[in-house]
Amino acid sequence: YDTLTCNFSYFENYDITKFDKFTKRTLLQIIPKLFDPLGIFCPIVIEGRYIFQKIWSQEGKDIGWDYALPSKYNNDIRSWLEKIKQLNYLSISRNIFRFIPKMINIHTFVDASTCAYAACVYCQSISDNNIHVEFLLARSRINPLKPLSVARLELASCVLGAMLQSEIREINIFSSANFFFWSDSK
């Protein structure tokens, strides 16, 4: 199979124990290095962004860019960096269709929490004897600092999902596909 593997050589030999302190600058240098155009590791990227937002909103202007962050954030940051290192073992099939499908269904799932909201899209291929499901793409966003209701955040996740579905509809191989949209909102 044609597979996509993640090679974060920058993080492979990244010794997080060498950090006796973390700063806002070091965090902001790490987060953009996680280039993820398909959204494969949204849960990891969004966690880093959430940690940074939490630090910014709680400590913000009180701490300079190169000053040590309070130690209460160290465990969260170290745990997050360990998860990034684990991405080197990730392998994802790039082959959407393993057989010639008779029917294609595109399923978009959306959800929101008090921290973030996200949408992901899967392709379901169906033939006489086979059903195969493959991940296509995902997006996630951190919630704004201004508190919003969960219902409002669910709506934001629906908008994000609709944008992803719109991108998929433009691809020729999905022109005859059936599209489904899933949300746990009422």
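Keep in mind it's a predicted model, so treat the numbers as computed, not measured. In this chain, numbering begins with 1 at the start of the sequence shown.
A cation-pi contact, defined as under 6.0 Å to the ring centre and within 45° of the axis, links Arg169 to Phe179.
The closest side-chain heavy-atom distance from Asn74 to Phe22 is below 4.5 Å. Put simply, the side chain of Met103 reaches to within 4.5 Å of the side chain of Asn105, judged on heavy atoms. No side-chain heavy atom of Ile104 sits less than 4.5 Å from a side-chain heavy atom of Asn178. When side chains are defined from C-beta on, His132 counts as touching Glu134, because their heavy atoms get closer than 4.5 Å. Between Tyr73 and Gln58 the shortest side-chain heavy-atom distance falls below 4.5 Å. When side chains are defined from C-beta on, Cys158 counts as touching Ser183, because their heavy atoms get closer than 4.5 Å. Considering only heavy atoms from C-beta on, Asp184 comes within 4.5 Å of Glu154 through its side chain. Counting heavy atoms from C-beta on, the side chains of Cys120 and Thr108 never come closer than 4.5 Å.
Using a 4.5 Å cut-off between side-chain heavy atoms of Ile, Leu, Val, Met, Phe, Trp and Tyr, Phe181 falls into a hydrophobic cluster with Val110.
Within the 3.5 Å criterion, the main-chain N or O of Ser113 finds a donor-acceptor partner in the side chain of Asn143. Proximity of a side-chain donor or acceptor of Asp36 to a complementary backbone N or O of Phe41 within less than 3.5 Å is detected. Side chain of Gln53 to main chain of Gly48: no donor-acceptor pair is present (N/O by atom type, distance under 3.5 Å, no hydrogens or angles). Between the Ser57 side chain and the Lys54 main chain, a donor and an acceptor come within less than 3.5 Å of each other.
Here the shortest heavy-atom pairing between Ile46 and Ser140 reads CD1-OG, 3.5 Å. Leu164 approaches Ala119 most closely through the heavy-atom pair CD1-O, 3.6 Å. The minimum heavy-atom distance linking Ser125 with Pro101 is given by the pair CB-CB, 3.9 Å. Between Leu136 and Leu38, the shortest heavy-atom distance links the atoms O-CD2, 4.1 Å. Summarising the geometry of Leu153 relative to Pro144, their closest heavy-atom pair is CD2-CD, 4.4 Å, with the distance given to 0.1 Å.
If you chain together hydrophobic residues whose side chains sit under 4.5 Å apart, Tyr67 and Leu28 fall into the same group. Leu34 and Ile51 end up in the same hydrophobic cluster when Ile, Leu, Val, Met, Phe, Trp and Tyr side chains are linked at under 4.5 Å. Residues Val150 and Leu155 fall into different hydrophobic clusters, defined by Ile, Leu, Val, Met, Phe, Trp and Tyr side chains chained together at heavy-atom separations under 4.5 Å. One hydrophobic cluster, built from ILVMFWY side chains closer than 4.5 Å, cannot hold both Ile142 and Leu148; they sit in different ones. Hydrophobic clustering keeps Ile30 apart from Tyr50 (ILVMFWY residues linked when any side-chain heavy atoms are closer than 4.5 Å, directly or through intermediates).
In this structure, the separation between OG on Ser157 and CG on Asp111 is 6.5 Å, given to the nearest 0.5 Å. Note that CD1 of Ile44 is 11.5 Å distant from CD of Glu82, once rounded to the nearest 0.5 Å. Rounded to the nearest 0.5 angstrom, Arg78 CZ and Lys83 NZ are separated by 15.0 Å. Here the CG atom belonging to Leu137 is positioned 10.5 Å from the CD atom belonging to Gln165, to the nearest 0.5 angstrom.
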Margin query: Assess the residue pair Trp80 and Ile84 against the criterion (side-chain contact (heavy atoms from CB on, under 4.5 Å)); give the C-alpha distance rounded to whole Å, side-chain angles, the decisive distance to 0.1 Å, and a yes or no.
Written below: CA-CA 6 Å; Trp80 176 65; Ile84 292 172; 3.6 Å; yes
Next item on the list: Apply side-chain contact (heavy atoms from CB on, under 4.5 Å) to Trp65 and Thr23, showing your working.
Entry: CA-CA 6 Å; Trp65 283 96; Thr23 66; over 6 Å; no
Notebook entry, point to check: Would Ile131 and Gln124 count as a side-chain contact (heavy atoms from CB on, under 4.5 Å) if you check the C-alpha gap in whole Å, the side-chain angles of each, and the deciding distance to 0.1 Å?
Noted result: CA-CA 7 Å; Ile131 296 176; Gln124 179 187 42; 3.7 Å; yes
Item checked: Evaluation steps, side-chain contact (heavy atoms from CB on, under 4.5 Å), between Phe52 and Ile77 -> CA-CA 9 Å; Phe52 189 78; Ile77 296 169; over 6 Å; no
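Ring planes of Trp182 and Phe109: parallel class, angle under 30° (limits at 30 and 60°). The aromatic rings of Tyr122 and Phe135 sit perpendicular, their planes meeting at an angle over 60°, well past the 30° parallel limit.
A salt bridge is defined here as a Lys NZ or Arg NE, NH1 or NH2 lying under 4.0 Å from an Asp or Glu carboxylate O, and Asp66 with Lys24 fails to meet this definition.
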